[in-house]
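Written below as structure tokens is the structure these notes are about.
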Amino acid sequence: MARITPLSGFPEWLPDGRVVEQHVLDVLRRTFELHGFAGIETRAVEPLDQLLRKGETSKEVYVLDRLQAEDTASRSSEKQLGLHFDLTVPFARYVLENAGRLAFPFKRFQIQKVWRGERPQDGRFREFAQADIDVVGAGELPYHYEVELPLVMAEALGALRDVGVPEVRVLVNNRKVAEGFYRGLGIEDVEGVLRQIDKLDKIGPERVAELLVAEQGASPQQAGACLDLAAISGTDVGVVDRVRALADEHGARTELLETGLEELSALIVAASTRAPGVVVADLKIARGLDYYTGAVYETLLVGHEELGSICSGGRYDTLASDGKNTYPGVGLSIGVSRLVSRLLSAGLLSATRGVPTAVLVAVSDEESRAASDAVAAALRARGIPTDVAPSAAKFGKQIKYADRRGIPFVWFPGDEHQVKDIRSGEQVEADPAAWEPPAADLWPRVVPAAG
RNA sequence: GUGGCUAUAGCUCAGUCGGUAGAGCGCCUGGUUGUGGUCCAGGAGGUCGCCGGUUCAAGCCCGGUUAGCCACCCCA
């Protein structure tokens, strides 16, 4: 008998963990729909060349192969399939494929598993669920969507506060600000500088400055200016003035910088009235992905910053393009598995029980099992999730069966039916056609951790 | 892909100088002849990740391997 070992990076929850995850998914979906996003699902696979097109060298893609495939030579063909590693690439393909039947601007949400062949770690998986929202336009996309989308995400995550999910901070920046500033300084390798700046929180400003000089060929003065820019953050438009002052100091004012600052300022102003304190301008937010062209977003769980971003995204001028038409978009993606795994491992919340069952009907003896089944049917007919005891064991055993599963009520059939709340021990007479449990006990609920 | 650490009961772990395996929790039975949880008594459960080597003797030492965790990389 082979020893069963867990496969790292492919998370599976126990039933009560799944109750938590399902609640998170329900709340996200409801919020997205409240804001008019249409739900879609795309296939799990895309042609490999499509998957590798956008991502650069090291995208770890799982390829799909038939066990009975005749030869392995076909592997090099473009028909080779891979599992999608995000929901943006499949969505871009979907938009092109259905452009004639979609109405633009098109708002969609998409909640699905994605796969990445990475080394797993705490909060990092090889199979995980993402919840994406994107808005895509045909030819053009108004800037106000770059303001709206992070606020929808903030609202969605905020709607989970009452079950114990911590506050979030949506950190925002604008690619045009960084690029405009760097170019104003005379830096050519904008991508490379962004990649180093992204490491600030991990290795600190001194090491980043060294790297900028050593790897990107920046002068110490340029590196210092980049770090000064990255140090700017705040929740009001004052940050914009500080960036302008810094740019003046280094003679780095450019048109691109100015455009970016205007966009960033519009986002900060709108956010400060619609979600005060949640959205923070942070000029060190870089994002590794090279296809972002405007706003970029990262979201941290307050008190769990080391977990990394639980919701990221940005604006891309060419989400999709068929040669003739270009479709710009803006979107964000919540790492549902990362979020849920931390909620569970940190014990921030819990499910009231792992089974749906609210009532266990006891069985006196196998001859009268039909009577117990009848009680269960009567309760179910009124929408009460009910189970019948697996055997006519001693009542103590049957109560224990319920207790182990968190089932709050045990029903004792007879000439005079009785139902017992096994938490309080209270037992009362009850009518199968009329009794119902308190609303709070009808279905499993997610509740904040006690204390 | 690179590096560090780890692997013993269902779970969390202990195991001294190399001398044939332990605890707590959980589980089962009984005390309680049809009402759980507490308490008491008893019980089941192990190819010490796997392969090889050293040795009279290996959970312990050595080599390899697999898996897990962490860091880098990258990212949700």
Side-chain angles (χ1 to χ4, degrees), chain A residues 1-11 14 24 28 55-61 84-88 110-133 153 157 168 194-196 198-199 201-203 207 211 285-290 292 296-301 304 306-314 331-342 345 360 362-365 368 389 391-414 418-427:
Chain A
M1 188 156 61
R3 187 189 186 87
I4 301 294
T5 57
L7 240 191
S8 174
F10 294 85
L14 291 170
V24 169
L28 296 181
E56 49 255 35
T57 52
S58 60
K59 276 289 181 221
E60 291 285 357
V61 175
H84 56 227
F85 56 83
D86 71 7
L87 300 179
T88 304
Q110 191 170 349
I111 301 176
Q112 284 181 245
K113 291 285 176 64
V114 304
W115 295 267
R116 294 182 191 176
E118 298 176 343
R119 281 287 178 86
Q121 270 170 50
D122 185 23
R124 308 189 49 182
F125 304 106
R126 296 193 281 195
E127 175 183 67
F128 58 99
Q130 288 193 322
D132 273 40
I133 53 173
M153 283 306 203
L157 293 166
V168 299
L194 283 174
R195 206 162 45 245
Q196 303 298 357
D198 202 37
K199 298 176 183 170
D201 282 339
K202 267 190 180 158
I203 64 177
R207 293 271 293 116
L211 285 170
I285 296 304
R287 309 283 307 131
L289 286 331
D290 55 358
Y292 292 121
V296 289
Y297 319 101
E298 285 196 6
T299 309
L300 298 176
L301 258 195
H304 301 265
E306 90 296 341
L307 181 64
S309 178
I310 55 157
C311 174
S312 306
L332 293 97
S333 175
I334 294 179
V336 176
S337 300
R338 172 175 289 182
L339 174 64
V340 170
S341 73
R342 174 55 61 100
S345 69
L360 177 75
V363 176
S364 299
D365 49 66
S368 66
S391 74
K394 287 184 186 178
F395 283 160
K397 286 275 188 57
Q398 300 193 40
I399 292 170
K400 201 167 180 180
Y401 176 96
D403 189 39
R404 281 294 311 276
R405 290 162 179 75
I407 300 170
F409 294 96
V410 176
W411 190 286
F412 298 99
Q418 295 200 321
V419 64
K420 178 190 184 80
D421 182 333
I422 66 172
R423 296 160 302 187
S424 64
E426 187 190 8
Q427 186 165 334

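In summary, A/Arg342 and A/Asp122 engage in a salt bridge, as defined by a charged side-chain N under 4.0 Å from a carboxylate O.
Side chain of A/Glu118 to backbone of A/Glu60: no donor-acceptor contact under 3.5 angstrom is found. Judged by distance alone, with hydrogens and angles left aside, the side-chain atoms of A/Glu127 form no donor-acceptor pair with the main-chain N or O of A/Pro11 at under 3.5 Å.
B/U47 and B/G10 have their P atoms separated by 8 Å, given to the nearest Å. Comparing the C1' positions of B/A23 and B/G46 gives a spacing of 15 Å, expressed to the nearest Å. One C1' atom belongs to B/U66, the other to B/G30, and the distance between them is 45 Å to the nearest Å. Comparing B/G37 with B/C25, their P atoms sit 16 Å apart, to the nearest whole Å.
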> Should A/Phe85 and A/Val114 be marked as a side chain to side chain contact (heavy atoms under 4.5 Å, CB included) after you check the CA-CA gap, both sets of side-chain angles, and the distance that decides it?
Replying inline: CA-CA 5 Å; A/Phe85 56 83; A/Val114 304; 5.7 Å; no
>> Determine whether A/Val336 and A/Phe128 satisfy the following criterion, side chain to side chain contact (heavy atoms under 4.5 Å, CB included), listing intermediate values before the conclusion.
In response: CA-CA 7 Å; A/Val336 176; A/Phe128 58 99; over 6 Å; no
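Heavy atoms of A/Lys199 sit under 4.0 angstrom from primed sugar atoms or phosphate atoms, though from no base atom. A/Asp122 comes within contact range of the sugar-phosphate backbone alone, with a heavy-atom separation under 4.0 Å but no base atom that close. Residue-level contact check: A/Phe412 touches the bases, meaning some heavy atom is under 4.0 Å from a base atom. Using a 4.0 Å heavy-atom criterion, one finds that A/Ala402 contacts no nucleic acid atom at all. Using a 4.0 Å heavy-atom criterion, one finds that A/Val340 contacts no nucleic acid atom at all. Residue A/Gly308 is classed as having no contact, given no heavy-atom separation below 4.0 Å to the nucleic acid. Residue contacts for A/Arg423: at a heavy-atom cut-off of 4.0 Å it reaches a base atom on one of the strands shown.
Computed from coordinates, the A/Leu7 CG to B/G68 P distance equals 6 Å when rounded to whole Å. For the pair A/Ile407 CD1 and B/G37 C1', the interatomic distance rounds to 16 Å; values are reported in whole Å. Between A/Ile399 atom CD1 and B/U32 atom P the separation is 18 Å, expressed in whole Å. Regarding A/Leu301, its CG atom lies at a distance of 15 Å from the P atom of B/A76, rounded to whole Å. Straight-line distance from the OH atom of A/Tyr292 to the C1' atom of B/C75: 10 Å, rounded to whole Å.
For the pair A/Gly425 and A/Lys394, both in contact range of RNA chain B, the more 5′-proximal nearest nucleotide belongs to A/Lys394. When each of A/Gln121 and A/Gln418 is assigned the nucleotide of RNA chain B bearing its nearest heavy atom, the one mapping closer to the 5' terminus is A/Gln418.
B/G1 is paired with B/C72 under the criterion used here, namely a Watson-Crick or G-U wobble arrangement in which both key atom distances are under 3.5 Å. The pairing partner recorded for B/U6 is B/A67, the criterion being a Watson-Crick or G-U wobble arrangement whose two distances lie under 3.5 angstrom. With a cut-off of 3.5 Å on both Watson-Crick or G-U wobble distances, the partner of B/G37 is given as none. For B/U16, there is no paired base (Watson-Crick or G-U wobble, both distances below 3.5 Å). For B/G45, there is no paired base (Watson-Crick or G-U wobble, both distances below 3.5 Å). With a 3.5 Å ceiling on both atom-pair distances, the Watson-Crick or G-U wobble partner of B/G24 is B/C11. With a 3.5 Å ceiling on both atom-pair distances, the Watson-Crick or G-U wobble partner of B/G52 is B/C62.
Counting distance only, with no hydrogens placed and no angle test, the side-chain atoms of A/Gln427 and the base atoms of B/U35 include a donor-acceptor pair under 3.5 Å. Under 3.5 Å, the side chain of A/Arg124 and the base of B/A76 form no donor-acceptor pair of N or O atoms. If you check distances only, the side chain of A/Arg404 never reaches the base of B/C27 with a donor-acceptor pair under 3.5 Å.
With A/Val168 as reference, A/Ile310 is the one residue of A/Ile310, A/Leu339, A/Leu300 to meet the side-chain contact (heavy atoms from CB on, under 4.5 Å) rule.
Between A/Phe128 and B/A76, a base-stacking contact is recorded: ring centres under 5.5 Å apart, planes less than 30° from parallel.
In this structure, of B/G3, B/C73, B/G68, it is B/G3 that holds the atom nearest to the side chain of A/Arg119. When each of B/C74, B/G68, B/A76 is scored by its nearest atom to the side-chain atoms of A/Arg126, the top-ranked nucleotide is B/G68. In the set B/A76, B/G68, B/U35, B/U35 carries the atom at the smallest distance from any side-chain atom of A/Lys420. Listed nucleotides B/A76, B/G36, B/U35 differ in distance to A/Phe125; the shortest reach to its side chain belongs to B/A76. With B/A76, B/G34, B/G68 as the choices, the nucleotide that has an atom nearest any side-chain atom of A/Ser8 turns out to be B/G68. For A/Lys397, the listed nucleotide lying nearest its side chain is B/U29; candidates were B/U29, B/G34, B/A76. Taking every side-chain heavy atom of A/Ile422 into account, B/G36 is the closest of B/G34, B/G36, B/A76. Each of B/A76, B/G68, B/U35 was ranked by its minimum atom distance to the side chain of A/Ser312; first place goes to B/A76.
A cation-pi arrangement is found for A/Arg405 relative to A/Tyr401, the charged atom lying closer than 6.0 Å to the ring centre and inside a 45° cone about the ring normal.
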>> So if I define the base as every atom that isn't primed, P, OP1 or OP2, how would nucleotides 38-45 of chain B read as a B/S/- string at a heavy-atom cutoff under 4.0 Å?
In response: --------
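The shortest distance between side-chain heavy atoms of A/Phe409 and A/Arg423 falls below 4.5 Å.
For A/Lys202 and B/A71, the shortest distance from a side-chain N or O to OP1 or OP2 is not below 4.0 Å.
One finds the CE atom of A/Met153 at 7.5 Å from the CG atom of A/Leu28 (value rounded to the nearest 0.5 Å).
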